[in-house]
Amino acid sequence: MQLSEQEEIRRASLQQIRELGIDPYPPELYPVSHLSKEILEGFETDPDDYKTVCIAGRLMQKRIMGKASFAELQDSAGRIQIYVSRDDIAHDEEKTLYNKLFKKLLDIGDYIGVKGYAFKTKTGQTSVHVTELTLLSKSVKPLPIVKTDDEGNVHDAFTDPELRYRQRYVDLTVNPQYRDIFLKRSKLITLMRNFFNEKNWLEVETPILQPIHGGAAARPFETHHNALDIPLFMRIANELYLKRLIVAGFDGVYEFAKMFRNEGMDRTHNPEFTAMEIYVAYKDYIWMMEMVETLIEHIAVGLHGKTALQVGEQTIEFKAPYKRISMYDAINEYGGLDISGMDEAALYAECKKRHIDVDETMGRGKLIDEIFGELVEAQLIQPTYITDYPIEMTPLAKKHRTEEGLVERFELFVNGKEIANAYTELNDPIDQRERFMDQLKLAERGDDEAMALDEDFLRSMEYGMPPTSGLGIGIDRLVMLMTNQSSIQEVLFFPQMKPEVQQKQEEEKE
RNA sequence: GAUCGCUUAGCUCAGCUGGUAGAGCAACGCCCUUUUAAGGCGUGGGUCCUGGGUUCGAGCCCCAGAGCGAUCACCA
């Protein structure tokens, strides 16, 4: 391994630390008593509570002034200045702990622990006066140095997306502002989970490795089970398993599920992504719309304390209820096109006329979907339910109670993007079998997104499935919306990346 | 997949019409007991993404490739 000059120097420092009899990676716990933030916020009003504090974190800056120094210690909650004076931490003749360890051998990035007392410097900054300094873990690789001046200008920012995503640990260390996105992501999931649990719906886990990749239309990742000698697919959806659990007699089941789709990657698509799917018995899609808008409002308030959020250029109002409009009416209202009387040939001609990219493999439903995507989607900024989709593209939803050729389905659009998708679930096993057959016909016609037939799923439905409404929410996209991020990579700790060049070469050697 | 752009020190970036590599931070040495983008003096550090080509001479021009980004198209 080729080491840089600075890496060589840090390894040499490591050796010298050991020679001083100091373990650079001590095993025992460190008795942390406070977070930086607690001291910064609390010292002002209750200075007596901070006469002995013990904090730990990374050393992020050293300002040495001879026999005394200021430094900055960064922990999970933020940064605090520490004051280190020679005679307070070193008591031997040589003042080893200060002159050698602190001044020479500690580097930016090292984990240290300090004990001391909070005080205010003469410029009024709350700091910790160190009386005892402990090295907790030596860093042998230099971090990027990001500095912020008095006016808040960031200097030498660590912004290269490739490095930020590949080395997220560095990103979150030197760019602590991004931590908030992930804290909000976690909180959002907790808010949803608590919301569902209060209603006594059951959180479940269903198979990721599936013999048939059903429940959605997408190309799967394929793998192989050695002992059974069969192919298995990483799930592209979990819908058919959750419905089996509704058949089994649970009133409500939900799962936060990683899905895997072997398709393109860009700023809104990652090969693995998180969906939340929920199925509730004895409900329909109208009930589900009320549930979803209550949930989304609850999330906005839980994360931000308010319902109106700034997303990009737009201010979005998440307060329920949301506008509801059928797909046909939306195409008419937003696109000025009445498709209610059009057959497949007329729709195809209309697409061609408008230069919408279509081909002969597309059935009526798919053509309408294309028109909708082209004419309407981008205009749906405020939360809007689009309801009642063509039957052809929705093989798992129940036929509409009054409208011929439609199903009871809605999608929730916000800021021009789909956030949620829900149905009154099809529970008629004879109809369900016919729908799968129609999908097979579409597949024969060349539609590679047509859905595969799952005999065991049909068998479960034949035993009897209660009327049910089901919902899927793209968690990554919801987090993007709620944290005002425009790329999925910013809301995933470890977005999928191409292998690093260095690794590739090493693999080729093997 | 298409078009455009980027890739130079550990990090952030300059580098003119082609003439042999620069700054700030970081590092190293020295000074400094209330600094805060700490400061002062000094020092070291580079396969200029890779491989070809043109040229007396390439970080710069040409060709091919890689990685990354932006925009567009498709999937959630």
Side-chain angles (χ1 to χ4, degrees), chain A residues 2-10 12-13 60-72 79-88 98 103-104 107-109 119-125 127 129 140-167 170 174 216-219 236-237 259-277 356-359 369-370 373-374 411 417-421 448-449 472-478 480 486-489 497-502 504-505:
Chain A
Q2 190 65 43
L3 293 179
S4 71
E5 182 193 23
Q6 294 192 38
E7 289 171 309
E8 301 276 13
I9 288 165
R10 287 195 179 202
S13 299
M60 292 303 281
Q61 220 181 93
K62 277 205 292 186
R63 295 186 284 273
I64 295 171
M65 300 162 302
K67 298 181 188 65
S69 302
F70 285 97
E72 280 177 28
R79 277 192 194 191
I80 190 166
Q81 178 169 267
I82 59 174
Y83 176 73
V84 185
S85 74
R86 187 190 68 182
D87 299 336
D88 285 323
Y98 184 77
K103 275 173 73 177
K104 300 289 181 191
D107 293 295
I108 288 170
F119 76 109
K120 267 193 190 276
T121 64
K122 67 183 185 187
T123 56
Q125 182 167 349
S127 308
H129 190 124
V140 295
K141 201 171 181 66
L143 287 167
I145 309 289
V146 180
K147 293 190 173 183
T148 309
D149 65 22
D150 282 347
E151 282 134 34
N153 300 313
V154 177
H155 299 264
D156 303 332
F158 180 70
T159 56
D160 181 343
E162 175 171 14
L163 290 174
R164 285 189 48 229
Y165 301 152
R166 283 197 196 284
Q167 302 185 34
V170 173
V174 304
R219 284 161 57 200
I236 57 174
M259 306 297 182
F260 305 87
R261 297 191 183 175
N262 205 342
E263 292 173 345
M265 297 159 53
D266 59 32
R267 68 183 197 286
T268 57
H269 295 87
N270 196 65
E272 55 184 287
F273 63 100
T274 305
M276 192 296 302
E277 298 247 341
I356 299 170
D357 190 24
V358 290
D359 61 61
D369 193 42
E370 293 289 332
E374 184 72 21
E411 290 189 317
K417 294 178 184 73
E418 183 206 327
I419 294 300
N421 179 22
D448 56 4
E449 292 179 0
I473 291 182
I475 294 295
D476 310 290
R477 300 222 171 144
L478 185 59
M480 286 166 66
S486 57
S487 88
I488 198 170
Q489 285 83 6
M497 306 284 285
K498 287 191 192 176
E500 286 184 69
V501 174
Q502 207 182 335
K504 242 189 220 168
Q505 286 169 344

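At least one side-chain heavy atom of A/Ile145 sits under 4.5 Å from a side-chain heavy atom of A/Ile108. Residues A/Thr121 and A/Tyr83 are not in side-chain contact: their nearest non-hydrogen atoms beyond the backbone lie 4.5 Å or more apart. No side-chain heavy atom of A/Glu263 sits under 4.5 Å from any side-chain heavy atom of A/His269. Using a 4.5 Å cut-off on side-chain heavy atoms (C-beta onward), A/Thr148 and A/Val154 make contact. Residues A/Ser85 and A/His129 are in side-chain contact: their nearest non-hydrogen atoms beyond the backbone lie under 4.5 Å apart. A/Glu72 has its side chain within reach of A/Arg63: a pair of non-hydrogen atoms, C-beta onward, lies under 4.5 Å apart.
Distances shown here put every side-chain N or O of A/Arg63 at or beyond 4.0 Å from the OP1 or OP2 atom of B/rU35. Side-chain nitrogen and oxygen atoms of A/Lys122 include none within less than 4.0 Å of the OP1 or OP2 phosphate oxygen of B/rU34. OP1 or OP2 of B/rC68 has at least one side-chain nitrogen or oxygen of A/Arg166 nearer than 4.0 Å.
A/Arg10 comes within 4.0 angstrom of nothing in the nucleic acid, heavy atoms only. Across all strands, A/Gln81 comes closer than 4.0 Å to base atoms (heavy-atom distances). A/Asp369 comes within 4.0 angstrom of no nucleic acid atom, judged by non-hydrogen atoms across all strands. Residue A/Asn153 is out of contact with every strand shown, counting any heavy-atom pair closer than 4.0 Å. Across all strands shown, A/Asp476 has no heavy atoms under 4.0 Å from either base or sugar-phosphate atoms. At the heavy-atom level, A/Phe119 lies under 4.0 Å from base atoms of the strands shown.
With rounding to the nearest 0.5 angstrom, the CD1 atom of A/Ile488 is 8.5 Å from the OG1 atom of A/Thr274.
Summarising the base pairing, B/rU33 is matched to no nucleotide, lacking a Watson-Crick or G-U wobble pair whose two defining distances lie under 3.5 Å. Remark: B/rA27 base-pairs with B/rU43; criterion is Watson-Crick or G-U wobble with both hydrogen-bond distances under 3.5 Å. Using the Watson-Crick or G-U wobble rule with both distances under 3.5 Å, B/rG51 pairs with B/rC63. Using the Watson-Crick or G-U wobble rule with both distances under 3.5 Å, B/rG22 pairs with B/rC13. Pairing partner, B/rG1: B/rC72, with both Watson-Crick or wobble hydrogen-bond distances short of 3.5 Å.
Residue A/Lys62 contributes atom NZ, which lies 7 Å from atom P of B/rC28 at whole-angstrom precision. Atoms CZ (A/Phe273) and P (B/rC75) sit 13 Å apart, rounded to a whole Å. Taking atom OH of residue A/Tyr98 and atom C1' of nucleotide B/rC32, one finds them 9 Å apart after rounding to whole Å. Computed from coordinates, the A/Leu3 CG to B/rA27 P distance equals 18 Å when rounded to whole Å. Rounded to an integer number of Å, the gap from CE of A/Met65 to P of B/rC30 is 18 Å. Regarding A/Lys103, its NZ atom lies at a distance of 14 Å from the C1' atom of B/rC28, rounded to whole Å. At whole-Å resolution of the value, CD1 in A/Ile488 and P in B/rA70 are 13 Å apart. We find that CD1 of A/Ile64 is positioned 12 Å from C1' of B/rA27, with the value rounded to whole Å.
Annotation: side chain to side chain donor-acceptor pair (under 3.5 Å) contacts of A/Glu272 (sequence neighbours excluded): A/Lys258. Partners of A/Asp150 by side chain to side chain donor-acceptor pair (under 3.5 Å), not counting sequence neighbours: none found.
Going from the P atom of B/rA23 to that of B/rG42 covers 13 Å, rounded to whole Å. Nucleotides B/rC63 and B/rC6 place their P atoms 14 Å apart, quoted to the nearest Å. Rounded to a whole angstrom, the distance from the P atom of B/rU8 to that of B/rU47 is 12 Å. Remark: the separation of the C1' atoms in B/rG69 and B/rC30 is 44 Å, to the nearest Å. B/rU3 sits 36 Å from B/rG19 when the C1' atoms are compared, rounded to a whole Å. Atom name C1', nucleotides B/rU7 and B/rU12: the rounded distance is 14 Å, in whole Å. Comparing B/rA21 with B/rC4, their C1' atoms sit 29 Å apart, to the nearest whole Å. Nucleotides B/rA64 and B/rG22 have their C1' atoms positioned 31 Å apart, rounded to a whole Å.
Of the candidate nucleotides B/rU35, B/rC75, B/rC28, B/rC75 has the atom nearest to the side chain of A/Glu263. Counting only heavy atoms from C-beta on, A/Lys104 has its side chain closest to B/rC30 among B/rC30, B/rC74, B/rA38. Side-chain atoms of A/Lys147 lie closest to B/rA26 of the nucleotides B/rC32, B/rU35, B/rA26. Nearest nucleotide to the A/Gln61 side chain, out of B/rU33, B/rC75, B/rA38: B/rA38. Listed nucleotides B/rA27, B/rC68, B/rC75 differ in distance to A/Ile9; the shortest reach to its side chain belongs to B/rA27.
Along RNA chain B, the nucleotide nearest A/Lys120 and the nucleotide nearest A/Gln489 are compared for position; the residue whose nucleotide lies closer to the 5' end is A/Lys120.
With hydrogens and angles ignored, a donor-acceptor pair under 3.5 angstrom links the side chain of A/Tyr83 to the base of B/rU33. For B/rU35, the base has a donor-acceptor partner in the side chain of A/Thr121 [N/O atoms by modelled type, under 3.5 angstrom]. Within 3.5 Å, no donor on the side chain of A/Gln125 pairs with an acceptor on the base of B/rU34, nor the reverse.
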Check: How does each nucleotide of nucleotides 8-13 of chain B score, in 5' to 3' order, for protein heavy atoms under 4.0 Å: base (B), sugar-phosphate only (S), or none (-)?
Finding: --BSB-
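What you find for A/Gln489 and A/Arg267 is that their closest heavy atoms are OE1-CA, 3.6 Å. The minimum heavy-atom distance between A/Ser69 and A/Tyr98, with the atom names listed, is OG-OH, 2.7 Å.
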